[in-house]
Amino acid sequence: IWDAVTGSLLITLSGHTYYVNACDFSPDGTLVATTSNDRTARVCNAENGTLLWVLEGRHALAVLGCVFSPNGKRVVTVGNDNKVHVWCTETGECQLIIEGEHTD
């Protein structure tokens with residue numbers, strides 16, 4: 001995580017075992033989610049980099065993107081397996097899976 005004003009490195013997040021594809025900050029800036037080709041997403045404390053949740057076991061292929069809900073209580077991940085997962089940021093549990101072929 002880089003300081004947007006000074007350009008200095010603040011925190012290095014680690015743990016993914018393959019390419020990182022995307023990241024997103026929660027609306028209040030306290031959490032950061034990352035996704036990877038290792039089929040996982042991770043949610044960390046944005047202030048100190050502490051790992052809070054490894055969101056795994058649901059995507060069969062690479063996890064390509066993520067976005068927080070407007071209230072920060074959920075993070076949505078999308079995978080190369082044509083599945084969208086909705087995760088609770090307070091428990092790390094998957095709350096919903098949306099499946100289907102996308103046409104665009």
Side-chain angles (χ1 to χ4, degrees):
I1 298 175
W2 299 86
D3 184 297
V5 175
T6 67
S8 62
L9 179 65
L10 300 175
I11 298 170
T12 300
L13 302 175
S14 61
H16 284 296
T17 59
Y18 212 51
Y19 302 117
V20 173
N21 293 315
C23 63
D24 190 37
F25 282 92
S26 61
D28 64 3
T30 62
L31 302 175
V32 61
T34 58
T35 64
S36 171
N37 278 15
D38 67 7
R39 300 183 310 196
T40 70
R42 293 173 173 263
V43 178
C44 297
N45 179 306
E47 296 292 319
N48 59 28
T50 300
L51 177 65
L52 302 174
W53 307 110
V54 177
L55 310 177
E56 63 184 340
R58 299 292 182 150
H59 284 289
L61 298 170
V63 186
L64 302 176
C66 60
V67 65
F68 280 91
S69 64
N71 64 7
K73 293 185 183 279
R74 292 177 182 79
V75 63
V76 176
T77 59
V78 59
N80 210 22
D81 56 3
N82 294 323
K83 294 181 183 177
V84 174
H85 293 76
V86 179
W87 306 84
C88 176
T89 59
E90 295 173 353
T91 65
E93 293 182 19
C94 183
Q95 297 180 321
L96 178 67
I97 300 173
I98 303 168
E99 298 184 54
E101 194 72 29
H102 294 281
T103 58
D104 58 356

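A pairwise comparison of heavy atoms in Ala62 and Asn37 identifies CB-OD1, 3.4 Å as the closest pair. Listed here is the closest heavy atom pair of Asp3 and Thr6: OD1-N, 2.8 Å. Smallest separation of non-hydrogen atoms from Pro27 and Pro70: CG-O, 3.1 Å. Contact between Thr77 and Ala41 at its shortest, heavy atoms only, is CG2-CB, 3.8 Å. Taking all atoms of both residues into account, the shortest heavy-atom contact from Thr35 to Gly65 is CG2-O, 3.5 Å. Contact detail for Ala33 and Cys66: the closest heavy-atom pair is O-SG, 3.7 Å.
Side-chain atoms of Ser69 come within 3.5 Å of backbone atoms of Arg74 as a donor-acceptor pair (strictly under, hydrogens ignored). At least one donor-acceptor pair closer than 3.5 Å links the side chain of Asp38 to the backbone N or O of Thr17. A donor-acceptor contact shorter than 3.5 Å is absent between the side chain of Ser36 and the backbone of Thr40.
Within the 4.5 Å cutoff, the side chain of Asp24 has no heavy atoms near those of the Val75 side chain. In this structure the side chain of Val63 never reaches within 4.5 angstrom of the side chain of Asn21, judged on heavy atoms. Residues His16 and Arg42 meet the side-chain proximity criterion, which asks for heavy atoms closer than 4.5 Å.
Its side chain within the 4.5 Å cluster rule, Ile11 clusters with Ile1, Leu10, Leu13, Phe25, Val32 among the Ile, Leu, Val, Met, Phe, Trp and Tyr residues.
Dense packing is recorded around CD of Gln95, with more than 12 heavy atoms of other residues, nucleotides or ligands lying under 6.0 Å away.
One distance of note links CG of Asn45 with OG of Ser26; it measures 9.5 Å at 0.5 Å rounding. For the atom pair CD (Glu99) and CG (Asn82), the distance works out to 9.5 Å, reported to the nearest 0.5 Å. Once rounded to the nearest 0.5 Å, the distance linking CG of Leu31 with OG1 of Thr50 reads 11.0 Å.
Cluster membership check: Val67 does not share its hydrophobic cluster with Leu64, using side-chain heavy-atom separations under 4.5 Å among Ile, Leu, Val, Met, Phe, Trp and Tyr. Leu61 and Ile97 are not part of a single hydrophobic cluster, where members link through side-chain heavy atoms under 4.5 Å apart. Side-chain heavy atoms closer than 4.5 Å link hydrophobic residues (I, L, V, M, F, W, Y) into clusters, and following such links, even through other members, never connects Val54 to Trp87.
Judged as a ring-ring contact (aromatic ring centres under 6.0 Å, His included), the pairs with a partner in residues 32-68 (not counting sequence neighbours) are, in order, His59-His85.
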